[in-house]
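Below is one structure, written out as structure tokens; comments come after it.
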Amino acid sequence: MSSVQDTAAMITNRAGAEAPQLAIVLGSGLGELADRVKEATRIPYEDLPGFPRSGVTGHAGTLICGFLNGARVAVLAGRSHYYEHGDAGAMQHPIAVLAELGCPVLALSNAAGSTRENMPPGSLMAISDHLNWSGLNPLIGTESDKRFVDLSDAYDPELRGWFERVAEAQGQVLHSGVYAWFSGPAFETPAEIKAIRMLGADAVGMSTVPEVILARYHGMRAAAVSVVTNFAAGMAGATTSHAHTKIEADKAKEGFIALFSGFAGTFAQS
Ligand code: HPA
């Protein structure tokens, strides 16, 4: 694999040397935000060594550099999940490259199941903290004491506040809650959902946590928002299928796009 510096140079050669103010990772079925990027330079992941070769439907594989609502952004349309290959560190290289580019913020999105009756499909939830239920960690095998990352405020409270202010100004409800990472690809059992709910999870999903750990490892500030696509397994009205996830994510996309565009706008003003 080429070095982090080499991959970063490939990006700056095509998209310009100015660092993105924020990077955005798009979750399942949420790719349309990428179409809102202006003056876009689109770089297929195939051209970027160490970027994922996504085989999951609902996930493209393109890096889009340009402007979203006036902010310089790098949008990652497509991510690598642990369940694709069993490598929890699969996003190590792309996130290291973003850090190398000088990008200070990683804002992630995902599709998630809700464990709360008052947070139905279509809801948006700012992640306030996580439960790493998978027991995996993308930093296993990393050398140096830098690997002992502090995750006390992993989901940056100030950035969360910006999401909240944007949602309020747009008249959108933005829930706040704890996201539990399950490895997937099988969905959870009703017993697992019952347990994780008792342990404090408000939403469950198969991504984001390793990327947040990696962002913090690289000194980037992190924020994440879940788009609720279903009630979790065993709950009344629960539907757990990938097809359903994509359909519900698509239905929620307008609110999601408005929220992330508004969030980006706060960087344009800063
Ligand atoms: N569980 C795990 N991942 C998910 C779910 C779920 O219920 N919905 C969307 N992604």
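Quantities reported herein were computed from a predicted structural model and do not represent experimental measurements. Whatever order the structure lists them in is the order used to number ligands and atoms, beginning at 1. Any value given below was found using the heavy atoms of this structure, including those in side chains, with hydrogens, waters and symmetry copies removed.
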Under 4.0 Å to a heavy atom of [X] - the qualifying atoms of ligand 1, by number:
X    : result
E188 : 1 (N), 2 (C), 6 (C), 7 (O)
T229 : 8 (N), 9 (C)
A112 : 5 (C), 8 (N), 9 (C), 10 (N)

Check the pair I24, F260 against side-chain contact (heavy atoms from CB on, under 4.5 Å), reporting the backbone distance first and the verdict last. CA-CA 9 Å; I24 300 174; F260 271 71; 3.8 Å; yes
So, applying salt bridge (charged side-chain N to carboxylate O under 4.0 Å, His left out) with R197, which one of E188, E117, E192 is it?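 Only one option passes, and that is E117.
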Nearest protein heavy-atom contact for [atom]: which residue, which atom, what distance?
atom                    : value
atom 7 (O) of ligand 1  : N230 ND2, 2.9 Å
atom 3 (N) of ligand 1  : G205 CA, 3.4 Å
atom 10 (N) of ligand 1 : A111 O, 3.3 Å

Applying a strict 4.0 Å limit to heavy atoms, is F187 in contact with ligand 1? yes
Mind checking whether F263 and F163 have parallel, tilted or perpendicular rings, split at 30° and 60°? parallel
Do [X] and [Y] sit within salt-bridge range, that is, some charged N less than 4.0 Å from a carboxylate O?
X    : Y    : result
R53  : E46  : no
E158 : R165 : no
E32  : K251 : no

